[in-house]
Amino acid sequence: MAAEQTTLSYFAKRVDQLKQILHVIESNNKQLNHEKKNILEKQGSHLPDAQQKVVTVEANKTDTPKRLLPGLMIGESIDVAHLYKLSSSFAQQFKDLHQSKKNCYATREQKDKLKMQLSTKTKAKDHVTEKNLQLKARCRKLRIAYDALRVFEKDPLLGPTQAEAVIRALTRSNSMMSSRSGDVISSIFDDDDPSKEREAEMLLEYIEHFNELFEEGKYKDAVMHAASSPKGILRNCETLSRFRAIHARTGKLPPLLVYCEALISSVPAVGSPPDAETSLECVKSALSEDRLDLVMHWLLQERLTCSEPLGHLLYNYTQGKGAGIISKGLPLAEAVYTLVEAHIQAAVCMCKQGKVQAMMDYAINAEFEKDMYMGVLVACPSIALAEVLIQPRGPPGKPTLSVGTVVFELLQTENYAIGVQLLDRVYRSIQAENEKMYRTEARASKKLKTEQAKSRKTTRYSSWPSEQRTSAVSSATVPQSARARVVVKPVIRSTNVQARADVAKADKD
């Protein structure tokens with residue numbers, strides 16, 4: 001009960017406060033009304049003009065738009081230049097739409113009219129085609145009859161009358177034509193096949209869908225759409241050019257390389273690689289991103305059409321690169337040159353890799369001429385190649401090029417030092433061969449003299465008597481210590497004059 005009394009006392013106090021506030025407000029309102037009345041009385045003469053202005057302002061407010069133009073800020077909505085520019089663009093859009101309505105669209109009545117004209121033209125075409133077939137058949141029969149009559153005039157024994165000869169020829173011709181009537185009819189109506197018209201429409205729709213994807217920026221979908229295009233209508237250089245014009249984003253593959261990868265990957269499904277020009281563009285796009293491994297994979301899988309410009313591209317890519325790129329790029333260029341039978345370029349690639357002997361074997365199989373060897377030497381000058389070219393080869397033992405030709409050609413270029421080095425080596429080899437020949441001749445001469453000396457002794461001893469020959473041989477074979485004990489002088493003294501003359505003659509010879 002005590003709490004309720006307290007609450008009631010609070011409420012009573014609050015009522016008194018509100019009554020006081022209400023009294024103050026009423027007094028203030030009376031004072032303001034009195035002041036207002038005084039002001040109106042003082043400005044009574046100006047009241048009609050003020051009312052007229054209020055009406056004019058209200059009328060003007062009705063003309064102003066209740067909301068801003070959509071898509072425009074407040075500053076743009078009051079900028080006259082900007083609004084004029086927008087008005088011009090809207091007028092141009094309206095003009096384009098009006099033109100599109102005339103050119104791209106047609107009314108239902110116009111469509112019905114065109115359909116009727118198409119059906120009329122189709123019927124006329126069918127009538128003309130049927131008449132053409134009839135005339136062709138008639139012309140064929142007349143040709144057969146004419147040929148039969150010509151044969152009958154040359155040999156009348158073929159039939160009793162001309163009519164029977166013609167009938168027989170026509171019958172034979174009809175039996176032959178019936179077996180291939182299906183092929184004739186198919187060839188005649190091949191151009192009028194409705195499926196081909198439908199196929200052309202589908203191809204057009206396919207191309208339009210690709211254009212839509214491309215314009216919307218859906219490049220991945222456009223790539224797959226173009227790579228799987230029927231009959232390869234989008235697998236060409238024009239499509240490549242469109243993708244080449246797109247700038248790649250940072251950190252992402254360019255759309256051109258994505259298209260090339262899809263194009264090459266679809267080769268097994270299509271059954272044939274892209275043409276030489278398209279293959280060259282695909283390799284260019286891969287090398288621009290330093291994807292030599294991708295080009296190597298394409299060549300190993302035989303998914304490119306090799307050409308001489310493709311070999312030039314791979315060869316030039318290796319120039320100024322590291323040993324790793326050169327060791328991979330030059331074999332690829334060599335393989336391409338070999339496939340297209342660009343023999344000189346293939347030989348140069350072999351020499352660049354240090355495979356000089358393999359190059360010579362390849363040149364022999366390719367039946368190189370001398371000027372072709374000279375071209376390889378000028379393109380890849382080296383002392384190893386120069387030495388191989390002047391070495392004798394084959395059964396004739398003749399060098400591929402003479403030393404003078406090789407040295408003269410090298411001296412005409414910037415690599416004259418190789419020519420000088422080759423001359424020095426040739427000089428040293430000739431000097432070594434001369435020394436070897438001199439030693440051989442010296443040994444042979446010494447051996448010959450020894451044999452001649454032996455033959456002289458044998459000839460001298462053979463002209464002596466048997467006793468004297470025995471004693472001389474024994475003196476030649478017996479040692480010096482034992483020879484002193486042999487009595488030779490009496491035997492020599494006992495020889496006659498004829499023996500001495502023979503000995504002197506033998507010594508002279």
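Being a predicted model, the structure only gives us computed values, none of them experimental.
- Within the 4.5 Å cutoff, the side chain of Leu86 has heavy atoms near those of the Phe90 side chain.
- Using modelled atom types and a 3.5 Å distance limit, the side chains of Asp361 and Gln357 yield no donor-acceptor pair.
- Separating the NZ atom in Lys352 from the SG atom in Cys349 is a distance of 9.0 Å, to the nearest 0.5 Å.
- Here the two rings, on Tyr362 and His343, have centers that are under 6.0 Å apart.
- To the nearest 0.5 Å, atom OG1 of residue Thr338 and atom CD of residue Gln345 are 10.5 Å apart.
- Separating the CD atom in Glu369 from the CE atom in Met374 is a distance of 14.0 Å, to the nearest 0.5 Å.
- Relative to the ring axis of Phe368, Lys370 does not place its NZ or CZ within 45° and under 6.0 Å from the centre.
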Criterion side-chain contact (heavy atoms from CB on, under 4.5 Å) on Asp126 and Glu130, from CA distance to verdict:
CA-CA 6 Å; Asp126 295 340; Glu130 185 178 358; over 6 Å; no
Working for side-chain contact (heavy atoms from CB on, under 4.5 Å), residues Ile246 and Leu256
CA-CA 8 Å; Ile246 303 171; Leu256 178 60; over 6 Å; no
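- In this view, Arg242 and Phe210, Asn211, Phe214 satisfy the side-chain contact (heavy atoms from CB on, under 4.5 Å) rule, not counting sequence neighbours.
- In the displayed structure, Gln301 atom CD is contacted under 6.0 Å by more than 12 heavy atoms of other residues, nucleotides or ligands.
- Between the Tyr259 side chain and the Val223 main chain, no donor and acceptor come within less than 3.5 Å of each other.
- When all heavy atoms of Ala333 and Tyr315 are compared, the closest pair comes out as CB-N, 4.0 Å.
- Interatomic distance, Met116 CE to Leu118 CG, rounded to the nearest 0.5 Å: 11.5 Å.
- Side-chain atoms of Tyr206 come within 3.5 Å of backbone atoms of His225 as a donor-acceptor pair (strictly under, hydrogens ignored).
- Rounding to the nearest 0.5 Å places CG of Leu213 at 12.0 Å from CE of Met224.
- Here CG of Leu332 is found 5.5 Å from CG of Leu292. Values are rounded to the nearest 0.5 Å.
- A salt bridge links Lys355 to Glu334: one of the charged nitrogens lies within less than 4.0 Å of a carboxylate oxygen.
- Side chain of Ser87 to main chain of Leu83: no donor-acceptor pair is present (N/O by atom type, distance under 3.5 Å, no hydrogens or angles).
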Worked check of side-chain contact (heavy atoms from CB on, under 4.5 Å) between Cys282 and Leu263:
CA-CA 9 Å; Cys282 291; Leu263 190 67; 4.0 Å; yes
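- Looking at Ser288, its side chain does come within 3.5 Å of a backbone N or O of Ser285 through a donor-acceptor pair.
- A donor-acceptor pair under 3.5 Å is formed between the side chain of Asn316 and the backbone N or O of His312.
- Checking side-chain atoms of Ser279 against main-chain N and O of Thr305 turns up a donor-acceptor pair under 3.5 Å.
- Side-chain atoms of Thr278 never come within 3.5 Å of backbone atoms of Asn236 as a donor-acceptor pair (strictly under, hydrogens ignored).
- For the pair Thr239 (side chain) and Leu234 (backbone), a donor-acceptor distance under 3.5 Å is present.
- Between Arg291 and Glu289 no salt bridge is recorded (no basic side-chain N to carboxylate O distance below 4.0 Å).
- The salt bridge (Lys or Arg N to Asp or Glu O under 4.0 Å) check on Arg235 picks up nothing, with sequence neighbours excluded.
- Of all heavy-atom pairs between Arg303 and Ser265, the closest is NH1-CA, 3.9 Å.
- More than 12 heavy atoms of other residues, nucleotides or ligands shown are found within 6.0 angstrom of NZ on Lys321.
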For the pair Val348 and Tyr337, evaluate side-chain contact (heavy atoms from CB on, under 4.5 Å) and give the outcome as yes or no after the intermediate values.
CA-CA 10 Å; Val348 170; Tyr337 284 136; over 6 Å; no
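- The shortest side-chain heavy-atom distance between Leu294 and Leu257 falls under the 4.5 Å cut-off.
- The side chain to side chain contact (heavy atoms under 4.5 Å, CB included) with Tyr317 is formed by just one residue from the set Ile325, Ile326, Leu330; it is Ile325.
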